[in-house]
Colleague: 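Mind looking over this structure? Questions follow.
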Amino acid sequence: MKKDQTIWLSYDLGLKGDYPGLYAFLDAQEARECGEGLAFFKRKAEEDMAESIRQELNKYMKAAATDRVYIVFLDEKNGKLKGKFLFGKRKRALWEGYALKEGLNEEDF
């Protein structure tokens, strides 16, 4: 018998994204809201969890080229946390360049 798997789903669909479709998917999963753009739900463990969720999500919403949906879950094969983009890809972090790093305040001459 397959046990329940915990899934964290992060989403950024921009201004014109298919939020009704995404919300219908999340409601069907009985997901919990965890802040802006983040949801938590459980479902039965599957061999390829990311692909299974991506296919099901495609039934509910139409993803645009700029949409980003990312999941985090425990990989049953190796027992490690795994993260994967279902739609979209990583982009430059808003916080890049804020940290003071060693060597950056040294004189150049």
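Nothing here was measured: the structure is a model prediction, and the numbers come from that model.
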Colleague: Nearest 0.5 Å, what's the CZ-CG distance between R68 and L86?
Modeller: 12.5 Å

Colleague: Any Lys/Arg nitrogen of E51 or R54 sitting under 4.0 Å from an Asp/Glu carboxylate oxygen of the other?
Modeller: yes

Colleague: Measure the spacing between CD1 of I53 and CD of Q29 and express it to the nearest 0.5 Å.
Modeller: 7.5 Å

Colleague: Can you find a heavy atom in the side chain of T6 that is under 4.5 Å from one in the side chain of L74?
Modeller: no

Colleague: Do T66 and D12 have side-chain heavy atoms sitting under 4.5 Å apart?
Modeller: no

Colleague: Using the rule that two of Ile, Leu, Val, Met, Phe, Trp, Tyr join whenever any of their side-chain heavy atoms come within less than 4.5 Å, decide whether F40 and Y23 are in one cluster.
Modeller: no

Colleague: Going through the distances and angles, do R43 and M49 end up as a side chain to side chain contact (heavy atoms under 4.5 Å, CB included)?
Modeller: CA-CA 9 Å; R43 66 187 283 150; M49 184 63 77; 3.8 Å; yes

Colleague: Determine whether more than 12 heavy atoms belonging to other residues, nucleotides or ligands lie under 6.0 Å from atom CD of E30.
Modeller: no

Colleague: Where the side chain of Y19 meets the backbone of G14, is there a donor-acceptor pair that is under 3.5 Å apart?
Modeller: yes

Colleague: What about F41 and V69, same hydrophobic cluster or not, with Ile/Leu/Val/Met/Phe/Trp/Tyr joined at side-chain heavy-atom distances under 4.5 Å?
Modeller: yes

Colleague: Between M61 and D67, what is the shortest heavy-atom contact and its length?
Modeller: CE-OD2, 4.1 Å

Colleague: Rounded to the nearest 0.5 Å, what separation is found between the CG atom of L94 and the CZ atom of R92?
Modeller: 8.0 Å

Colleague: What distance separates Y11 OH from E36 CD, expressed to the nearest 0.5 Å?
Modeller: 7.5 Å

Colleague: What's the spacing between F25 CZ and K59 NZ if we round to 0.5 Å?
Modeller: 10.5 Å

Colleague: Under the salt bridge (charged side-chain N to carboxylate O under 4.0 Å, His left out) criterion, do D4 and K44 qualify, and how do the steps go?
Modeller: CA-CA 4 Å; D4 283 346; K44 295 293 180 201; 3.2 Å; yes

Colleague: Using 0.5 Å steps for rounding, measure from the OH atom of Y60 to the CG atom of L26.
Modeller: 10.0 Å

Colleague: Indicate, with yes or no, if I71 and L13 share a hydrophobic cluster defined by side-chain heavy-atom contacts under 4.5 Å among Ile, Leu, Val, Met, Phe, Trp and Tyr.
Modeller: yes

Colleague: Kindly indicate whether the side chain of F73, heavy atoms from C-beta on, has any atom under 4.5 Å from the side chain of K82.
Modeller: yes

Colleague: Taking all non-hydrogen atoms of both residues into account, name the closest pair between L81 and V72 and its distance.
Modeller: CD2-CG1, 4.4 Å

Colleague: Which heavy-atom pair separates W8 from C34 by the least distance, and what is that distance?
Modeller: CZ3-SG, 3.6 Å

